[in-house]
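Single-structure report; data block below.
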Amino acid sequence: MIDVHYWPTPNGWKVTIMLEECGMDYNIVPVDIGGGDQFSAKFLQISPNNRMPAIVDNDPLGGGEPLALFESGAILEYLAEKSGQFLPTNTAEKYKVLQWVHWQMANLGPMMGNANHFKNYGKNIADDPSQLEYGTKRFVGEVDRLAGVMDAQLSANQYLAGSSYSIADIITWPWAFLLGRLIDEKVWETFPNLKRWVDEVAERPAVQAGRNAGSELGKKELTEAQEKARREILFNQTNDKVRAAREAAAKAGA
Ligand SMILES: N[C@@H](CCC(=O)N[C@@H](CS)C(=O)NCC(=O)O)C(=O)O
């Protein structure tokens with residue numbers, strides 16, 4: 001059985017979608033990132049960067065001790081190797097897929113995360129809201145550029161890495177389908193090939209199941225004070241803040 005340390009967000013969905021696609025059994029271990037669970041000593045041993053998703057495979061490929069992994073790209077590559085699915089074994093084909101996996105990890109995910117931060121969350125936390133304008137312009141501009149990169153690729157290919165559905169699609173879809181919500185629903189008119197692919201992947205039963213996994217976790221009604229406390233935990237993390245959160249978690253016995 002695979003334990004998935006998880007909260008229902010785009011990076012979390014990558015892993016539940018992959019597990020559903022592979023037909024692997026998994027057990028969700030909630031990591032309430034707004035509540036500070038990512039600073040518990042136990043979680044930091046699995047994921048030293050205080051970010052979810054992470055997995056512990058209790059029956060790892062090759063046998064031996066349970067295998068703990070963090071970073072969704074590494075997790076998907078491991079699950080592909082274990083299941084023998086969604087990553088070709090032929091060297092050239094394999095690296096065609098992996099270059100898009102790395103592209104997502106280094107580009108689309110971080111840029112959309114930052115665009116969302118400046119455009120939507122920033123107003124609640126910035127000391128001076130005028131500071132948000134340049135950040136929004138910079139990151140929404142990058143997201144627009146990246147959408148164009150995907151659209152061009154998908155104009156000539158059914159899937160991101162060519163003619164077969166792969167971990168490149170599984171890792172990219174959970175961010176890409178949110179483009180309309182982040183920028184404007186009109187964005188799909190500019191990127192019709194991307195829209196075609198987003199809709200096609202959305203139809204897959206495993207994608208729907210993975211996207212819904214643990215959806216009840218994030219649905220609590222929160223007061224303004226609780227929202228504020230969660231923002232304090234999640235944003236403007238520095239070494240001092242992270243160390244304090246780690247110490248508080250240890251004191252609470254977590
Ligand atoms: N590159 C990482 C990114 C993971 C990530 O940013 N996770 C966020 C939620 S989507 C998180 O755990 N945040 C907790 C925090 O900021 O302390 C991956 O793809 O696994």
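Because the structure is a prediction, the values reported are computed rather than measured. Numbering of ligands and ligand atoms starts at 1, following listing order.
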Using the ring of each side chain (for Trp, its six-membered ring), is Tyr165 parallel, tilted or perpendicular to Tyr159, with breaks at 30° and 60°?
-> perpendicular
In ligand 1, which numbered atoms sit nearer than 4.0 Å to a non-hydrogen atom of Gln237?
-> 15 (C), 16 (O), 17 (O)
Could you label the plane-to-plane angle of the Phe235 and His117 rings as parallel, tilted or perpendicular, counting under 30° as parallel and over 60° as perpendicular?
-> perpendicular
Check whether any side-chain heavy atom of Asn107 sits under 4.5 Å from a side-chain heavy atom of Val149, and report yes or no.
-> no
Return the residue, atom name and 0.1 Å-rounded distance of the protein heavy atom closest to atom 20 (O) of ligand 1.
-> Ser72 N, 2.9 Å
Would Glu224 and Arg231 satisfy salt bridge (charged side-chain N to carboxylate O under 4.0 Å, His left out), going step by step from the backbone distance to the final call?
-> CA-CA 11 Å; Glu224 179 48 37; Arg231 287 196 294 266; 3.2 Å; yes
Hphob cluster co-occupancy, Met24 + Val29, side-chain heavy atoms under 4.5 angstrom = no
Shortest protein contact, atom 3 (C) of ligand 1 (heavy atom only) = Asn11 ND2, 3.7 Å
Which of the atoms in ligand 1, numbered in the order shown and given with their element, are less than 4.0 Å from a heavy-atom of Lys14?
-> 19 (O)
For atom 10 (S) of ligand 1, grab the closest protein heavy atom and report residue, atom and distance to one decimal in Å.
-> Thr9 OG1, 3.1 Å
Knowing that exactly one of Asp57, Ile55, Asn58 qualifies, which makes a side chain to side chain contact (heavy atoms under 4.5 Å, CB included) with Asp3?
-> Asn58
So, Asn50 side chain and Phe39 main chain: donor-acceptor pair closer than 3.5 Å or not?
-> no
Sidechain N-carboxylate O distance under 4.0 Å for Arg204, Glu21 = yes
Closest approach of any protein heavy atom to atom 1 (N) of ligand 1, naming residue and atom | Glu71 OE1, 2.8 Å
Pull out every atom of ligand 1 sitting under 4.0 Å from any heavy atom of Met105, numbered as shown with elements.
-> 1 (N), 18 (C), 19 (O)
For ligand 1, which atoms have a heavy atom of Pro53 less than 4.0 angstrom away?
-> 20 (O)
For ligand 1, which atoms, with element, lie under 4.0 Å from some heavy atom of Asn50?
-> 14 (C), 15 (C), 17 (O)
Protein residue, atom and distance nearest to atom 12 (O) of ligand 1, heavy-atom basis = Met52 N, 2.8 Å
Whether Gly109 lies under 4.0 Å from ligand 1, heavy atom | no
Tell me which protein heavy atom sits closest to atom 6 (O) of ligand 1, plus the residue, atom name and distance to 0.1 Å.
-> Arg51 CD, 3.5 Å
Going by the atom numbers of ligand 1, which of them fall below 4.0 Å from some non-hydrogen atom of Gln38?
-> 14 (C), 15 (C), 17 (O)
Are Glu227 and Arg230 within salt-bridge range, i.e. N to O under 4.0 Å?
-> no
Who's the nearest protein heavy-atom neighbour of atom 9 (C) of ligand 1, and how far?
-> Ile33 CD1, 3.6 Å
